[in-house]
Participant: 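Quick one: the structure is below, and I'll ask about it shortly.
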Protein chains: 2
Amino acid sequence: MADTSSRRPRRRAKQPTIAEVAREAGVSAITVSRVLNTPESVRETTRRRVEAAIETVGYVPNRLAGSLASAQSRFIAVIVPSLSNIVFTEVIQGLQATFEARGYQILLGNTDYDLQREDQLVGTFLGWSPAALVITGLRHSEVCGRRLRQWEGPIVEIMELGTAIDLNVGLDHLKAGRCMAGHLRERGYRRVVYVGAQMARDYRARLRYEGHCEVLAAAGLEAPLLDMDQLGQFETGARALDQVLATHPETEAIHFANDDLATGALLHANRLGIAVPQRIAIAGFNGLAIGQHVTPRLTSIASPRELIGRRAAQAVLARLDGEATVDGPLDVGFTLMAGEST
Amino acid sequence: MADTSSRRPRRRAKQPTIAEVAREAGVSAITVSRVLNTPESVRETTRRRVEAAIETVGYVPNRLAGSLASAQSRFIAVIVPSLSNIVFTEVIQGLQATFEARGYQILLGNTDYDLQREDQLVGTFLGWSPAALVITGLRHSEVCGRRLRQWEGPIVEIMELGTAIDLNVGLDHLKAGRCMAGHLRERGYRRVVYVGAQMARDYRARLRYEGHCEVLAAAGLEAPLLDMDQLGQFETGARALDQVLATHPETEAIHFANDDLATGALLHANRLGIAVPQRIAIAGFNGLAIGQHVTPRLTSIASPRELIGRRAAQAVLARLDGEATVDGPLDVGFTLMAGEST
DNA sequence: CGGTTCAATGTTAGCGCTAACATCCATTGT
DNA sequence: ACAATGGATGTTAGCGCTAACATTGAACCG
């Protein structure tokens, strides 16, 4: 019978391995590993010899093997609900910049605002033993919550504040909703409609609406809601304006759930020759750049999106470095930007 | 002395492993592996037993180990030059949607238009044995090009067309530049300035400018260039308009390198009461949504960004599935969108 | 009814790396 | 002079999984 000790030629003549480098440099594999991971623990002359060997054989470390052996990987799983919303891409940018500077890579997942999808992604990602997990929002499916709590690595829940599994960086959406409604009240608007898009899935917009309602209720005013089913884009904002003017012509101001909607409405008003804010005032949320370039400038609440990304990354890095971390949620705040649209 | 065969308690009492599942189900590890990877090769009853066991022990497969053993991973390295540009986030969205549906994850890298950074990222990413690599552009550092050519996996170079290392999906920027310049010529504009932002690093904008020059030269016209040093954002476009009006007041039209600049300029013109296109015409590139909502609507060239992502992903998947792939570059084309701004 | 075939499952040996411990040897202290 | 020390390097045994081959047993065949 075939000699069972000489069966399989498994290696796929690919990249050189650490063993090749070791042979070339006349040292053992572990020394090469040390040169790569803890260079200060190797003597200068040896290190140089190994570095030269790495160069000559063209060695690229296999990080899968390294991570498996050390049970530590250098990537960060990031889960966002949407990539079509610029808000999240800005957060990702903040994460990216901070993590990449420290040699961590980002593994990106998109839930499309679907908690089931989120659960699935968390499962997949945890299988990669990421160094940390960044996830949007505080609400997860039950299974997912359990899975997350079981996991030992750092988890940051971003965008909003509340009772988090581990770290938490965000802003208070309820307060933001109150803030904008308060601003509109100050300006004397009484008939204010709140317009959102697909609010069933965007519960942070619902939180802002709640804040909005509180303020109006306190003033004895109604707080009608228009929830569009399309995505929260310019076009939807324009249609929402039409709809509000048609069905609630007495409306004095519209509080939009985000700046895309608000900008769409404002530009549409420009097109139709409707005076903003005289005929109708318009306010948004997020403080996107475009709002400062339209006429009149859009009143909005600036959310520090990139900052959220950076702070979240910093919190994770501090944890990974074993530093003491902030206890409790980190509030990045928000700023009311009063433009001429209200 | 200590018995050397009983040294180390290496395992970090973490997640259950495939062995636990196997024990629970009363099968061998490989059977569990098969249930996970090639379920059709396992008998129905066995499969169900294993699935139940997976459920009870709460098993999450360790993909590092799996990938190491099989020399195949389920992620795709994606390298873009910028995340602040919505163009790339839309491409990423297309990639994401297509890859995630097939169970691949995206590992994201950002070069900030720095070829050295690109080289570094490629090095890191290849160490993760990705299933494929998606990289922006055809121009790489020499070292990087060599590294890429050596690698055996599928590589797609996206955004532009030309001589690629492997797969190629994009559009012809030279032609796009010609197309817009041709449009402006047709409308009768003779004094046209091309305005870009940081064109030293954005060579695709330079290609469009080249196309622009060709057309103007053919008509015996000059093609002055204004290259702003700021990022290509609204604000920069507004400043560029001021600058053009101040230094080249005779200018009849501005061909902007992208829609952010063009929109910034157009909104600025609105603010200043400058008639577009009567006093000055404005054209952009990319066909962003905002351009269709400003007044007058922005003339632009729509680049199918999400489509680039999807096509790139499809090409990779076809290759990974061993299907015959398209030979040569895949041109996704572009569309001139004539608005009222020209 | 022994032999062939084939589907289902098992055994074994790595994938390429690093943790943990072992060894070696030049210093240092007494 | 010799033990104790400690920095540099080596040896060994996995990390958790899957490729490759082996085995089993039921179905099938002439």
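Proteins come first, then strands; the chains are lettered A, B, ... in the order of their sequence lines, and each starts at number 1. Atoms considered below: every heavy atom in the structure, side chains included; atoms not considered: hydrogens, waters and symmetry mates.
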Participant: Please report, rounded to the nearest Å, how far the C1' atom of C/dC17 is from the CD atom of A/Gln72.
Facilitator: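 After rounding, the gap between these two atoms is 13 Å.
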Participant: Let me test you: for the helix from C/dC1-D/dG30 to C/dT30-D/dA1, what is the angle between the axes at its two ends (five pairs each), rounded to 10 degrees?
Facilitator: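 Computed angle between terminal axes is 40°.
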Participant: Parallel, tilted or perpendicular: which one describes the rings of A/Phe75 and B/Trp128, with boundaries at 30° and 60°?
Facilitator: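 A/Phe75 vs B/Trp128 ring planes: tilted.
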Participant: I'd like to check A/Ile76 versus A/Val78 (side-chain heavy atoms, cut-off strictly below 4.5 Å). Are they in contact?
Facilitator: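 Counting from C-beta outward, A/Ile76 and A/Val78 do come under 4.5 Å.
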Participant: Which heavy atom of A/Pro39 sits nearest a heavy atom of A/Asn37, and at what distance?
Facilitator: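 Where A/Pro39 meets A/Asn37 most closely, the heavy atoms are CD-C, 3.4 Å.
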Participant: Nearest whole angstrom, please: distance from the P of C/dT18 to the CZ of A/Arg74.
Facilitator: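 So the two atoms are 12 Å apart, to the nearest Å.
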Participant: Residues from residues 29-45 of chain B sitting under 4.0 Å of DNA chain C, heavy atoms only?
Facilitator: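 Correct list: B/Ile30, B/Thr31, B/Arg34, B/Val42, B/Arg43.
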Participant: Can you check the A/Asn62 CG to C/dC15 C1' distance for me, whole Å?
Facilitator: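 From A/Asn62 CG to C/dC15 C1': 8 Å.
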Participant: Among C/dC17, D/dG16, C/dT18, which is the nearest nucleotide to the side chain of A/Ala65?
Facilitator: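 Output: C/dC17.
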Participant: Does A/Ser28 put a side-chain nitrogen or oxygen below 4.0 Å from OP1 or OP2 of D/dG10?
Facilitator: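 True: A/Ser28 side-chain N/O within range (under 4.0 Å) of D/dG10 OP1/OP2.
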Participant: Do A/Asp119 side-chain atoms and A/Ser141 backbone N/O form a donor-acceptor pair below 3.5 Å?
Facilitator: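 Answer holds: no.
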Participant: Send over the distance from B/Gln15 CD to D/dC15 P, rounded to a whole Å.
Facilitator: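 Atom-to-atom, B/Gln15 to D/dC15, this comes out as 15 Å.
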Participant: Does this structure show an ion pair linking B/Glu44 with B/Arg47, if we count only N-O contacts that are shorter than 4.0 Å?
Facilitator: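 Answer for the salt bridge query: yes.
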Participant: Over how many whole Å does the gap from A/Tyr59 atom OH to C/dG16 atom C1' extend?
Facilitator: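 The distance from OH of A/Tyr59 to C1' of C/dG16 comes to 7 Å, rounded to the nearest Å.
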Participant: Indicate yes or no: does A/Asp112 engage A/Arg117 in a salt bridge with an N to O separation below 4.0 Å.
Facilitator: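 No, A/Asp112 and A/Arg117 are not salt-bridged.
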Participant: Look at atom CZ of A/Arg204 and say whether more than 12 heavy atoms of other residues, nucleotides or ligands are closer to it than 6.0 Å.
Facilitator: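 Yes - once you tally the heavy atoms of other residues, nucleotides and ligands closer than 6.0 Å, there are more than 12.
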Participant: Within this structure, what is the CG-to-P distance between A/Leu68 and C/dG14, rounded to whole angstrom?
Facilitator: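 Roughly 17 Å, once rounded to whole Å.
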Participant: Rounded to whole angstrom units, what separation is found between the CZ atom of B/Arg23 and the C1' atom of C/dT9?
Facilitator: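 Roughly 18 Å, once rounded to whole Å.
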Participant: Considering only heavy atoms from C-beta outward, does the side chain of A/Cys144 approach that of A/Val122 to under 4.5 Å?
Facilitator: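 A side-chain contact exists here, since the closest heavy-atom pair is under 4.5 Å.
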Participant: Does a side-chain N or O from A/Thr46 land closer than 4.0 Å to OP1 or OP2 of D/dT9, or not?
Facilitator: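 The answer is yes; a side-chain N or O of A/Thr46 sits under 4.0 Å from OP1 or OP2.
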Participant: Figure out the CD1/C1' separation between A/Ile18 and C/dC17, and round it to whole Å.
Facilitator: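 For the pair A/Ile18 CD1 and C/dC17 C1', the rounded distance is 6 Å.
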Participant: Within a reach of under 6.0 Å around CZ of B/Arg305, are more than 12 heavy atoms found that belong to other residues, nucleotides or ligands?
Facilitator: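 Above 12, so yes.
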